[in-house]
Asker: 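Sharing a structure below in structure tokens format, with a few things to ask.
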Amino acid sequence: MSEMMIFWLVVLIIAIVVEVFTMGLTSIWFAGGALVAILTAILQAPVFLQVILFFVVSLLLLFFTRPVAVRYFNKDRVKTNVESMVGRQAVVTGEIDNIQGTGQVTVGGQEWSARSVDDKLRIPVGNVVNIVAVSGVKLIVKVDEQMQKVDPDGLKNHIPEPMSVSQMEEMESRADRS
């Protein structure tokens with residue numbers, strides 16, 4: 001066995017072991033590159049060609065097949081508490097003012113610190129906001145435009161009462177008729 005074939009075999013084993021322990025779908029692609037390098041070493045190709053093929057094959061596998069594999073393997077993964085926040089609505093319980101560094105919202109019965117996506121905008125208590133991102137332990141929010149349209153009197157300082165699905169549908173049908 002040639003020295004380069006042993007080297008590529010070690011690289012292959014290390015990449016597989018790292019993948020088994022991390023399950024990050026990152027190092028497995030380098031195992032594929034090492035496998036191609038082993039085949040070129042068996043054919044006694046020059047070392048520079050082995051190295052080039054290792055990197056080319058590894059990077060091609062990484063960039064073109066990893067996104068598909070991640071989607072396929074992570075489709076049943078349950079989002080954590082923080083990941084599930086993005087896209088949800090919240091009610092402002094403490095005025096959001098980025099300049100002052102203040103702001104609180106309630107989401108699903110939990111209170112979170114919040115900041116606005118727009119540093120110049122202050123969001124008063126009672127507004128409904130959409131969560132667009134999470135930064136550390138703070139939710140990044142923007143005012144929900146649809147909820148502003150539902151409030152024809154412009155009442156911003158009240159906290160909306162919880163509604164049932166049928167009440168929300170009735171409210172939407174009334175808004176559609178007008």
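This chain uses plain numbering: 1 for the first residue, then up along the sequence.
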Asker: Working to the nearest 0.5 Å, report the span between CD1 of I28 and OG1 of T65.
Answerer: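 The CD1 atom of I28 sits 10.0 Å away from the OG1 atom of T65.
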Asker: So if I apply the side chain to side chain donor-acceptor pair (under 3.5 Å) rule between E95 and each of R122, Q100, Q104, which one comes out positive?
Answerer: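 Of all the options given, the one that passes is R122.
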Asker: If you look at every heavy atom in V105 and A114, which pair is closest and at what distance?
Answerer: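 What the structure gives for the nearest pair is CG1-CB, 3.7 Å.
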Asker: Could you tell me the separation between the CZ atom of F30 and the CD1 atom of I16, rounded to the nearest 0.5 Å?
Answerer: 14.0 Å
Asker: Please check if the side chain of S2 supplies one atom and the backbone of M5 the other of a donor-acceptor pair under 3.5 Å.
Answerer: yes
Asker: Between I140 and V134, is there shared hydrophobic-cluster membership here, with clusters defined by ILVMFWY side-chain heavy atoms closer than 4.5 Å?
Answerer: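 I140 and V134: separate clusters.
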Asker: Between atom CD1 of I131 and atom CG of D144, what is the distance when rounded to the nearest 0.5 Å?
Answerer: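 Here the rounded value is 11.0 Å.
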Asker: Run the side chain to side chain contact (heavy atoms under 4.5 Å, CB included) test on I42 and T40 for me, step by step, so that the C-alpha distance in whole Å, both residues' side-chain angles and the decisive distance to 0.1 Å come before the verdict.
Answerer: CA-CA 5 Å; I42 290 172; T40 57; over 6 Å; no
Asker: With L139, which of V132, V86, I96, V107 fulfils side chain to side chain contact (heavy atoms under 4.5 Å, CB included)?
Answerer: V107
Asker: Please give me the minimum heavy-atom distance between V11 and F54, naming the atom from each residue.
Answerer: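 Reported closest heavy-atom pair: CG1-CE1, 3.9 Å.
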Asker: For the atom pair CH2 (W29) and CG (L61), what is the distance rounded to the nearest 0.5 Å?
Answerer: 6.5 Å
Asker: Would you check, one step at a time, whether the test side chain to side chain contact (heavy atoms under 4.5 Å, CB included) holds for N130 with V141?
Answerer: CA-CA 5 Å; N130 292 321; V141 300; over 6 Å; no
Asker: Mind listing the closest non-hydrogen atom pair of S27 and V18 along with its distance?
Answerer: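 Closest approach of S27 to V18, heavy atoms only: OG-CG1, 3.6 Å.
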Asker: Indicate, with yes or no, if L43 and V51 share a hydrophobic cluster defined by side-chain heavy-atom contacts under 4.5 Å among Ile, Leu, Val, Met, Phe, Trp and Tyr.
Answerer: no
Asker: Is there a side-chain contact between L121 and I123 (heavy atoms, below 4.5 Å)?
Answerer: yes
Asker: Write down the atom of G33, the atom of S58, and the distance for their closest heavy-atom approach.
Answerer: CA-OG, 3.3 Å
Asker: Of all the heavy-atom pairs spanning A45 and L49, show the shortest one and how long it is.
Answerer: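 Taking A45 first and L49 second, the nearest heavy atoms are CB-CD2, 3.8 Å.
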Asker: With side chain to side chain contact (heavy atoms under 4.5 Å, CB included) as the test, would you mind laying out the steps for V129 and V91 before giving the verdict?
Answerer: CA-CA 6 Å; V129 292; V91 176; over 6 Å; no
Asker: Would you give the length of the straight line joining atom CD of Q50 to atom CH2 of W8, rounded to the nearest 0.5 angstrom?
Answerer: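 Rounded to the nearest 0.5 Å, the CD-CH2 separation comes out at 6.5 Å.
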Asker: Could you check if a side-chain atom of E111 sits within less than 4.5 angstrom of a side-chain atom of T93, using non-hydrogen atoms only?
Answerer: yes
Asker: Roughly how far apart are N98 CG and D118 CG, rounded to 0.5 Å?
Answerer: 8.0 Å
Asker: Indicate if I13 and F21 have the same hydrophobic cluster label, given that clusters are the connected sets of ILVMFWY residues with side-chain heavy-atom separations under 4.5 angstrom.
Answerer: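 Result: yes, single cluster for both.
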Asker: Should F55 and L9 be regarded as members of a common hydrophobic cluster, given that ILVMFWY residues are connected when their side-chain heavy atoms come within less than 4.5 Å of each other, either directly or indirectly?
Answerer: yes
Asker: Does I52 share a hydrophobic cluster with F64, counting links as ILVMFWY side-chain heavy atoms below 4.5 Å and allowing steps through other members?
Answerer: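 Linked, I52 and F64 end up in one cluster.
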